[in-house]
Amino acid sequence: MKGTEHFKQAIKAYLDKQAETDPLFAPHYSKPEKSIDKCVEYIVGEVFHSGCNGFDDQSVYGWAIHYYTEDNVEIREIPNNGTCHAVVNHAIELTEEEKAEARQRAISQYQAEELRKMQQRKSKPSAKPQEPKQAEPNLFGF
């Protein structure tokens, strides 16, 4: 089973950065018998066989590092009827134009909501003014 292209790119970006900043990891990452496709296959196999539904980034990235640093890593197979989905959480970088469009949409939505609230207030019948309550006499009021 393969991960999505986006999942593969997220793992690769992390490993590229790790290789740039960690001189001890760089030689492992450049091993010719290792590949990003096999790394992703290893991670997906570990996720499937764990039986868990979610992992934090560090756990997934830890498997990627483990795949490259260990020479005898077993890539577990997933049965034909097995399914596994990888979801990558990431921040989307918007262009200035996209930010301006989003801002304008938000302003328009806010204005429409406020106008709707004002129209609802006008359409409600006004309530009768309440008569002032008379104070009840008590023994301590003297």
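- Between Ser35 atom OG and Glu41 atom CD the span is 8.0 Å, to the nearest 0.5 Å.
- Residues Gln120 and Arg116 bring a donor and an acceptor atom of their side chains to less than 3.5 Å of each other.
- The shortest heavy-atom contact between Ser50 and Phe55 is OG-CZ, 3.1 Å.
- Note that OH of Tyr67 and CD1 of Ile43 are 10.0 Å apart. Values are rounded to the nearest 0.5 Å.
- The CD atom of Gln18 lies 4.5 Å from the CD1 atom of Ile65; values are rounded to the nearest 0.5 Å.
- Side-chain contact between Asp57 and Tyr14: absent, with no pair of heavy atoms (C-beta onward) separated by less than 4.5 Å.
- Only one option out of Lys34, His28, Lys31 pairs with Asp71 in a side chain to side chain donor-acceptor pair (under 3.5 Å); it is Lys31.
- Scanning all heavy atoms of the two residues, the minimum distance from Glu98 to Thr95 falls at OE1-N, 2.8 Å.
- Here the side chain of Ser108 pairs a donor or acceptor atom with the backbone of Gln104 at under 3.5 angstrom.
- Looking at Lys122 and Met118, their side chains never come closer than 4.5 Å, going by heavy atoms from C-beta outward.
- Atom CG of Asp37 is separated from atom NZ of Lys8 by 4.0 Å, given to the nearest 0.5 angstrom.
- When all heavy atoms are compared, the tightest approach of Pro27 to Ser30 is O-OG, 3.1 Å.
- A donor and an acceptor atom, one from each side chain of Glu113 and Gln109, are nowhere located under 3.5 Å apart.
- In this structure, CD1 on Ile11 lies 12.0 Å from OH on Tyr42, to the nearest 0.5 angstrom.
- Counting heavy atoms from C-beta on, the side chains of Glu114 and Lys117 come closer than 4.5 Å.
- Heavy atoms from other residues, nucleotides or ligands lying under 6.0 Å from CD of Glu77 number 12 at most.
- Inter-residue side-chain proximity for Phe25 and Leu15 is flagged as met; some heavy-atom pair is nearer than 4.5 Å.
- The only member of Lys12, His6, Glu5 that meets side chain to side chain donor-acceptor pair (under 3.5 Å) when paired with Gln9 is Glu5.
- Between Asp22 and Tyr29, the side chains place no donor N or O within less than 3.5 Å of an acceptor N or O (distance only, hydrogens not considered).
- Here Trp63 contributes atom CH2 and Cys39 contributes atom SG; the two are 11.5 Å apart, rounded to the nearest 0.5 Å.
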